[in-house]
Engineer: 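Pasting a structure below so you can have a look.
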Amino acid sequence: MRDLLIFFSYRGRLPSQLIGVAATVTLFYYVSRLVKTPEFPTPQDYFAFALIGIVVIRALALSFGGLVGTVRQELVAGTFERMATSPLGPIFGTAAMTLFPLTLSLFLGMATIGFAVVAFDVSLEWATVPLALPVALLAAMTLVPFSLMITAAVIAFKQAGAAVRLFTVIITVVSGFLFPVSLLPGSIRWASDVQPFTPVIELLRHLLIGTPLQGPVIITLIKVLAFVVVLLPLALYLLRASIEWGRRRATLIEY
Amino acid sequence: MPLRLRHDKAIDAQEREPPSASARRADQGLVLEGVSKNWVDQRRTALHEVGLAVGRGSTAAVVGANGSGKTTLLRVIVGMIRPDGGTVSLNGRDSARDGKRYRSKIGYLSAGNAGLFARLSVGRHLAYSASIALLSKDDAQQCIDRVLDAFALRDLASRRVDRLSLGQRQRVRTALAFLHEPELVLLDEPHNSLDEHGVLLLREAVGDLTARGGIALWCAPAHSDLEASFDRSFVMRAGRLEQL
């Protein structure tokens, strides 16, 4: 609620985000006109493929970059101290801070797809589109552990912007956000199997635009859930450790 | 009726112990025993075996030169800095072991004018602080109404804090420290930017706090800055706390 209020206190923020969405989709629409490959029979096929990638990239940027910015801002403004000394405490408080960027990502994702459908005639698999919402929520859950780990890094080292940008680019490449992972050289293709974003985006593409899955839906779902189950406790442990480290070194509220 | 955290019942069950021991510990007030903190990278001792006991319903002042360790002491008490040695407890609750319950009983006003969201209104700040204090909806509204009156903030409730004067912001910061009816309020140079009226409101709030059995620990660089009288006074000299 707090982050929502602050977000809307800047009146131009939402319109500028929506204009950004429209501009990005438009750019990719015209770039996709140049794509004629065996993987994509028509340019429109590539456009639909890349569209889902754009949604996830934006979600990553908002969740990771946005959170780094928010935590830094809170440390500088001294508001992190208020949360850290409250009964809610720094761990739950930080975890709560991941909610707004994820919610905004979901909203902007829907706006991105909606704009592409209306303006560029992207055809959706309407029969399975409703199922995409719970899958999107699950996808959001896969972002939470990474968001918490990034926050742990910011609390411990005070800077994580460059590392987060690098991480986002690497994930974009190895998860096949803008091109199929089958195009990756064998030496790095393994990286697409050891993180949750590849199955998440495959599932979203399958439900939204009908791209075939490499295996049964249930296996892909289990894969995603397994990543969440393993990574969430690890992320919470790292966050707790970084906060305790900050308390011992007296750097918890330094910036 | 005392305010209750939303999860008090679960915590109560965990903390169950013989009533006599519990009652004894609950009356102890603020107790620091052998609290030490070293800055390893600076090879300096920030707090040297600090011992302090402030009973319920009383006030204490800590004065000392800049850099003598007053703020570090408050940060250790509030749990932002983990001491290298020693213990801190409030009415029997240990700062390290009973984190959430301990923090729920402490209000903290840091030095300076930080800790506010520039674009949130005074009312939103109070609501946000009530939510992270885990107050129930009814208690939150009751507490917000109380501090709006106690710190003369009612007319400012809808104003964004970046549009307030420094003194008004300090009243907001002070109100946030008193909002959840804490048992201990830590005040680090609280008169910063306050006018006479603000100082008077602060004194009244401290009076109300001690009247209901609470404790106020007030830090300032010099006695001349204290603006009030205290039950106990201490001086901090290079990390050592001495009673005056």
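This structure is a prediction, so every number in the text was calculated from the model and none was measured. Residue numbers begin at 1 in each chain, while the letters A, B, ... track the order of the sequences. The figures that follow rest on heavy atoms only: side chains count, while hydrogens, waters and symmetry mates do not.
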Engineer: Please give me the minimum heavy-atom distance between B:I132 and A:R82, naming the atom from each residue.
Structural biologist: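 Minimum heavy-atom separation between B:I132 and A:R82: CD1-O, 3.9 Å.
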
Engineer: What part of A:F80 lies closer than 4.5 angstrom to a heavy atom of chain B: side chain, backbone, both or neither?
Structural biologist: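 Looking at A:F80, nothing touches chain B.
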
Engineer: Please classify the contact of B:R119 with chain A as side chain, backbone, both or neither, using a heavy-atom distance under 4.5 Å.
Structural biologist: both

Engineer: Could you check whether any side-chain heavy atom of B:W39 comes within less than 4.5 Å of a side-chain heavy atom of A:R249, counting everything from C-beta outward?
Structural biologist: no

Engineer: Taking C-beta and beyond as the side chain, do B:L120 and A:I6 meet within less than 4.5 Å on heavy atoms?
Structural biologist: yes

Engineer: Checking A:L88 against B:L134 for the side-chain contact (heavy atoms from CB on, under 4.5 Å) test, could you report, in this order, the C-alpha distance in whole Å, the side-chain angles of both residues, the deciding distance, and whether it holds?
Structural biologist: CA-CA 7 Å; A:L88 183 69; B:L134 304 177; 4.0 Å; yes

Engineer: When heavy-atom pairs shorter than 4.5 Å are enumerated against chain B, which of A:T85, A:I243, A:L252 gives the highest number?
Structural biologist: A:T85

Engineer: What part of B:T72 lies closer than 4.5 angstrom to a heavy atom of chain A: side chain, backbone, both or neither?
Structural biologist: neither

Engineer: Which heavy atom of A:P87 sits nearest to which heavy atom of B:S104, and what is that distance?
Structural biologist: CG-CA, 3.3 Å

Engineer: Can you tell which part of B:F117 gets under 4.5 Å to a heavy atom of chain A, answering side chain, backbone, both or neither?
Structural biologist: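 Interface part for B:F117: both.
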
Engineer: I'd like to check B:R75 versus A:I253 (side-chain heavy atoms, cut-off strictly below 4.5 Å). Are they in contact?
Structural biologist: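 Yes, at least one pair of side-chain atoms sits under 4.5 Å.
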
Engineer: Are A:E81 and B:Y108 side-chain neighbours, meaning at least one heavy-atom pair lies under 4.5 Å?
Structural biologist: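 In short, these two side chains touch, coming nearer than 4.5 Å.
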
Engineer: Nearest 0.5 Å please: distance from the CE atom of A:M83 over to the OG atom of B:S129.
Structural biologist: 12.0 Å

Engineer: For the atom pair NZ (B:K100) and CZ (A:F92), what is the distance rounded to the nearest 0.5 Å?
Structural biologist: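 One gets 7.0 Å once the value is rounded to the nearest 0.5 Å.
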
Engineer: More than 12 non-hydrogen atoms from neighbouring residues, nucleotides or ligands closer than 6.0 Å to CZ on A:R240, yes or no?
Structural biologist: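 Not buried by this count: 12 neighbours or fewer within 6.0 Å.
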
Engineer: Is it the backbone or the side chain of A:Q73 that comes under 4.5 Å from a heavy atom of chain B, or both, or neither?
Structural biologist: neither

Engineer: Which atom names give the shortest non-hydrogen contact between A:A77 and B:A114, and what distance separates them?
Structural biologist: O-CB, 3.4 Å

Engineer: How about A:R2: does its CZ atom have over 12 heavy atoms from other parts shown lying under 6.0 Å from it?
Structural biologist: yes

Engineer: Would you say that more than 12 heavy atoms from the other residues, nucleotides or ligands in this model lie under 6.0 Å from the CZ of A:F115, or not?
Structural biologist: yes

Engineer: Quick one: pull up CZ in B:R160 and OG in A:S9 and give me the separation to the nearest 0.5 Å.
Structural biologist: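 Reported to 0.5 Å precision, the distance equals 6.0 Å.
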
Engineer: If we ignore hydrogens and angles and just use 3.5 Å, is the side chain of B:K37 paired with the main-chain N or O of A:A250 as donor and acceptor?
Structural biologist: no

Engineer: Is the shortest side-chain heavy-atom distance between B:I81 and A:R247 below 4.5 Å?
Structural biologist: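 No - every pair of side-chain heavy atoms lies 4.5 Å or more apart.
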
